[in-house]
Protein chains: 2
Amino acid sequence: MRIGELADRSGASIRSLRYYEEQGLLASERSASGQRHYAESAVERVLFLRRLYAAGLTSSTIAQLLPCAYAPSTTTSDHAFDVMVEERAKLDAHIAELLHTRDAIDGFIAANRAHRGELISAQQ
Amino acid sequence: MRIGELADRSGASIRSLRYYEEQGLLASERSASGQRHYAESAVERVLFLRRLYAAGLTSSTIAQLLPCAYAPSTTTSDHAFDVMVEERAKLDAHIAELLHTRDAIDGFIAANRAHRGELISAQQ
DNA sequence: TCAGGGCCTGACACTGACGTCAGAGGCACG
DNA sequence: CGTGCCTCTGACGTCAGTGTCAGGCCCTGA
């Protein structure tokens, strides 16, 4: 498929797809005229890339761990494996932080609901 | 306390503290000469601000929901309350995404460990 | 009273993942 | 064969939070 279709199906913009390629995260076959062509599997790959971006990973970090994700058979992926384990740990810490933040917000929401409840009671 | 101490105790840079003030997120008393002075409570407030930033909230979003967090008694905080509830929902969705991503990474890690196990077995 | 560190404002630099525009060629369809 | 949509490269713009620098005032201790 061409880049427009991949964009539609993955939810990424055409600009983003070209950027991912520039960063070495997404390969493409080129037609004689230079147009990019992608296999079906590219859709899922882009979705995974977007997931990693959403998790706060940077392009270069993703580039480092990708070999681990897509070529577990290579012996050269020691670094990729280490990076992936490290990022998993960071992600875990980040999730814990977010849970804590969510609890804090829940506290404020509860306090407000209580106050609103009082207001409503007072009005009645 | 002055800005330098607040920076030390909150972990935020002096630059950031001034920026938070500029965005209406952090008030300060000014001395006659114009220097900022903060109460003890500012430390905790800055920590909360940093937590919200880390959760991906933007300055203006934080500014919108802060009244709800620090003045639940005002009747004017309807909008703040709505924003806070909305952000809590987004945060929840984000956490779910991250958990999903973590699972995906765990899958890759497991696949790699398995392969490494095979390698080690083959070497023995 | 001088030194040195903290603080002030204002402004420009930077980073990263894009948006967007310009100018040009590719490709299918009527 | 031309029209219209898709794609190409290259380059500059954007946004948000922050770093950093300049030029100058504040304030405490020797």
Side-chain angles (χ1 to χ4, degrees), chain A residues 1-39 42-43 45-66 83 87 90 94 97 101, chain B residues 1-39 42-43 45-66 83 87 90-91 94 97-98 101:
Chain A
M1 81 195 77
R2 289 190 300 170
I3 198 169
E5 186 181 345
L6 179 56
D8 286 346
R9 291 175 56 186
S10 67
S13 71
I14 290 178
R15 177 68 176 90
S16 296
L17 295 178
R18 291 202 266 247
Y19 179 73
Y20 299 162
E21 179 171 324
E22 192 181 316
Q23 300 298 308
L25 309 182
L26 180 65
S28 66
E29 303 282 310
R30 296 301 188 104
S31 73
S33 63
Q35 297 204 344
R36 294 172 178 83
H37 287 269
Y38 301 91
V43 176
R45 174 141 179 166
V46 171
L47 291 177
F48 181 59
L49 290 178
R50 291 179 67 72
R51 197 172 280 289
L52 293 181
Y53 275 118
L57 302 213
T58 180
S59 293
S60 80
T61 305
I62 297 176
Q64 286 178 303
L65 62 75
L66 269 191
V83 170
E87 290 307 317
K90 284 189 195 170
H94 189 194
E97 267 278 315
T101 304
Chain B
M1 81 195 78
R2 290 189 299 172
I3 199 170
E5 186 181 345
L6 179 57
D8 286 345
R9 291 175 57 187
S10 67
S13 71
I14 291 178
R15 177 68 176 88
S16 295
L17 295 177
R18 292 202 265 248
Y19 179 73
Y20 299 161
E21 178 171 325
E22 192 183 315
Q23 300 299 308
L25 310 182
L26 181 65
S28 66
E29 303 283 310
R30 297 299 189 105
S31 73
S33 63
Q35 297 203 343
R36 292 171 177 84
H37 287 268
Y38 301 92
V43 176
R45 175 142 179 167
V46 171
L47 291 177
F48 181 59
L49 291 178
R50 292 181 66 72
R51 196 173 281 290
L52 293 182
Y53 275 118
L57 301 211
T58 182
S59 294
S60 80
T61 306
I62 297 176
Q64 285 178 305
L65 61 76
L66 268 191
V83 170
E87 290 306 317
K90 284 187 195 171
L91 186 51
H94 189 195
E97 268 276 316
L98 293 189
T101 303

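Keep in mind the model is a prediction, meaning the values are calculated, not measured. Lettering of chains follows the sequences in order, A, B, ..., and the numbering in each one begins at 1.
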Atom CD1 of Ile3(B) and atom P of dT18(D): how far apart are they, to the nearest Å?
13 Å

Interatomic distance where CG belongs to Asp8(A) and C1' belongs to dC5(D) [whole Å]:
13 Å

Across the strands shown, which category fits Arg18(B) at heavy-atom distances under 4.0 angstrom: base, sugar-phosphate, nothing?
base

Could you tell me the separation between the CG atom of Leu49(A) and the C1' atom of dG16(C), rounded to a whole number of Å?
16 Å

Output the single nucleotide from dT9(D), dG6(C), dG17(D) whose closest atom is nearest the side chain of Tyr19(B).
dG17(D)

At under 4.0 Å between heavy atoms, what does Arg50(A) touch on the DNA or RNA strands: base, sugar-phosphate, or nothing?
nothing

Tyr53(A) side chain, from C-beta outward: closest of dG19(D), dC18(C), dT9(C):
dC18(C)

Candidates dC18(C), dG16(C), dT9(C) - which lies nearest the side chain of Ser16(A):
dC18(C)

Euclidean distance, atom CD of residue Glu21(B) to atom P of dG17(D) [Å, nearest integer]
16 Å

Rounded to whole angstrom units, what separation is found between the CE atom of Met1(B) and the C1' atom of dC7(C)?
16 Å

When the distance from CD of Glu29(A) to P of dC8(D) is rounded to whole Å, what number comes out?
14 Å

Closest to the Ser33(B) side chain, choosing from dT18(D), dC7(C), dC27(D):
dC27(D)

Any ion pair linking Arg2(B) and Glu5(B) (charged N to carboxylate O, less than 4.0 Å)?
no

Quick check for you: among dG6(C), dT7(D), dT18(D), whose closest atom lies nearest to any side-chain atom of Arg15(B)?
dT18(D)

How long is the span from the CD1 atom in Ile62(A) to the CG atom in Leu26(A), to the nearest 0.5 Å?
11.5 Å

Please report the distance, rounded to the nearest Å, between CZ in Arg2(B) and C1' in dC7(C).
7 Å

Determine the contact category for Ser13(A): base if any of its heavy atoms lies under 4.0 Å from a base atom, sugar-phosphate if only primed atoms, P, OP1 or OP2 are that close, otherwise nothing.
sugar-phosphate

Less than 4.5 Å apart, any side-chain heavy atom of Arg45(A) and any of Leu66(A)?
yes

Need one value for Ser31(A): base, sugar-phosphate or nothing, where a base atom within 4.0 Å counts as base even if backbone is also close, heavy atoms only.
nothing

5′-ward residue of the pair Thr58(B)/Gln35(B) relative to DNA chain D
Thr58(B)

Angle by which the axis turns from one end of the helix from dT1(C)-dA30(D) to dG30(C)-dC1(D) to the other, five pairs per end, to 10 degrees:
0°

